[in-house]
Amino acid sequence: MGKRLPVSLMLLLLLATLLLVAVHAKVPAVIVFGDSSVDAGNNNFIPTIARSNFQPYGRDFTGGKATGRFSNGRIATDFISEAFGLRPTIPAYLDPAYNISDFAVGVTFASAGTGYDNATSDVLSVIPLWKELDYYKEYQTKLRSHLGQPQADQLLADALYMTSMGTNDFLENYYTNIPGGRSSQFPNVGDYQNFLAGIGEGFLRQLYGLGARKISVGGLPPMGCMPLERSANVVTGQRGCVESYNAVAVDFNGRMKKLTEKLNGELPGAEIVFSNPYFAMLGIIRKPSLYGISVTSTACCATGMFEMGYACARTSMFTCSNADEFVFWDAFHPTQKTNQIIANYVVEHVLKKFM
Ligand SMILES: *[C@@H]1O[C@H](CO)[C@@H](O)[C@H](O)[C@H]1NC(C)=O
Ligand SMILES: *[C@@H]1O[C@H](CO)[C@@H](O)[C@H](O)[C@H]1NC(C)=O
């Protein structure tokens, strides 16, 4: 038998190991807030027309099931959950087919059509952000009775929280120029951006106060390149990307990134990162052939110019046969293929530090 290590050295090694474990605690769950980019079917259980739980949605999902995801298959957060070694899909909190055992490894509170702004969720009567947070509080209570308080609190502290919203605040709210609406209240879009960022800040502080530490704040995509916006592009009339909307997305992403840096400086133990899909997605749109994609300006579903939700279903006889050749599935939402590319990019460039 070799010589035994001195006790002091053994303690030191033990301490070092514990510290490593503390810093690199594995992510036991992915908890999601946001809009249709990350809704897995919550809207199926509220009275709204912002739905996608019918064909052709979901036709490339397991079993061809239309779950309420706004895509032909999985969404980015599903791929991210899988990359963390968790389940390949994240279920919707309001879906009675799942229970707290499922939600203990991943859950989404997201609602298609929502945004930072209460006035945005009002447009299609969907779940406002403050209510998503209320559902999260209810989830905490259920998780504590399911796992016991200490285990639940540990899980809530180690989990990865992800947000993805903001597109609807601009495209479904601000730029629809409703009389007396946000565009008359904030004639300068920069002021509206500050208003949204302020709501985002309040939300992140509340989430931190409830125990979240690892938080990924999702940025805006190049929203001027969505087929619907291209079809309505009055500037070029050629179905080009609406550059003014893309500029707002870049500007807003800059503000949100700064916000994450500020909060990291102020909130002890917070690890808030900014996940920016903008350039990854623009890269696909500019050089689709690098990804085996051929169609960028129209969507797969129906005519690909205007349809989403029920309109997509109604005219689905025009729908393309291979969605993998398209960036967009409907006029507003990416295909599963695009979602996977964006998810891989975000995991590789931003979320790897949590693995
Ligand atoms: C959740 O549902 C599964 C079956 O779908 C069941 O085995 C499990 O016991 C349920 N858990 C709770 C906490 O109800
Ligand atoms: C949104 O609505 C909720 C509930 O009425 C309210 O508590 C919150 O202050 C509102 N947010 C803003 C920014 O007005």
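Any value given below was found using the heavy atoms of this structure, including those in side chains, with hydrogens, waters and symmetry copies removed.
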Does the distance from a Lys or Arg side-chain N to an Asp or Glu carboxylate O, for [X] and [Y], drop under 4.0 Å?
X	Y	result
Glu266	Arg205	yes
Glu325	Lys337	no
Asp169	Arg182	no
Asp153	Arg144	yes

I'd like to know if the side chain of [X] pairs up with that of [Y] as donor and acceptor (distance under 3.5 Å, no hydrogens or angles considered).
X	Y	result
Gln154	Asp158	yes
Asn194	Arg255	yes
Thr48	Ser125	no
Ser183	Asn177	yes

Find the distance between [atom1] ([X]) and [atom2] ([Y]) and round it off to the nearest 0.5 Å.
X	Y	atom1	atom2	value
Ile31	Leu156	CD1	CG	5.5 Å
Leu143	Glu138	CG	CD	12.5 Å
Thr296	Ile284	OG1	CD1	11.0 Å

Determine the minimum heavy-atom distance between Val327 and Thr338, stating which atoms define it.
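Shortest heavy-atom contact: O-OG1, 2.7 Å.
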What closest approach, in Å, do Val242 and Glu229 show between heavy atoms, and which atom pair accounts for it?
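Closest approach of Val242 to Glu229, heavy atoms only: CG2-O, 3.4 Å.
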Please determine whether the number of non-hydrogen atoms from other residues, nucleotides or ligands lying under 6.0 Å from atom NZ of Lys137 exceeds 12.
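Yes, enclosed.
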Between [X] and [Y], does the ring centre distance come in under 6.0 Å?
X	Y	answer
Phe186	Phe195	yes
Tyr93	Phe103	yes
Phe252	Phe170	yes

Is there a salt bridge (charged side-chain N to carboxylate O under 4.0 Å, His left out) between Arg74 and Glu82 once you walk through the steps?
CA-CA 11 Å; Arg74 289 193 282 162; Glu82 190 172 34; 2.9 Å; yes
Has the side chain of Ser216 got a donor or acceptor atom that lies under 3.5 Å from a matching backbone atom of Met162?
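Not at all, since once roles are kept as given, no pair shorter than 3.5 Å links the two residues.
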On the 0 to 90° scale, with breaks at 30° and 60°, tag the Tyr136-Tyr161 ring pair as parallel, tilted or perpendicular.
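Ring orientation of Tyr136 relative to Tyr161: perpendicular.
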Could you tell me how the ring of Phe33 sits relative to the ring of Phe109: parallel (under 30°), tilted (30 to 60°) or perpendicular (over 60°)?
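Rings of Phe33 and Phe109: parallel, under 30°.
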Should the pair Arg213 and Tyr208 be classed as cation-pi, given the thresholds of under 6.0 Å to the six-membered ring centre and 45° from the axis?
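Relative to the ring axis of Tyr208, which defines the angle, Arg213 lies inside both limits.
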Taking the six-membered ring of Tyr310 as reference, does the cationic atom of Arg51 (NZ for Lys, CZ for Arg) lie under 6.0 Å from its centre and within 45° of its axis?
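Checked: cation-pi criterion not met.
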Cysteines Cys225 and Cys241 with SG distance under 2.5 Å:
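Disulfide present: SG-SG distance under 2.5 Å.
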Could you please spell out the steps behind the side-chain hydrogen bond (donor to acceptor under 3.5 Å, both in side chains) verdict for Tyr192 and Asp117?
CA-CA 10 Å; Tyr192 186 58; Asp117 185 353; 2.8 Å; yes
Could you walk me through whether His333 and Asn339 pass the side chain to side chain contact (heavy atoms under 4.5 Å, CB included) check?
CA-CA 9 Å; His333 303 99; Asn339 288 333; over 6 Å; no
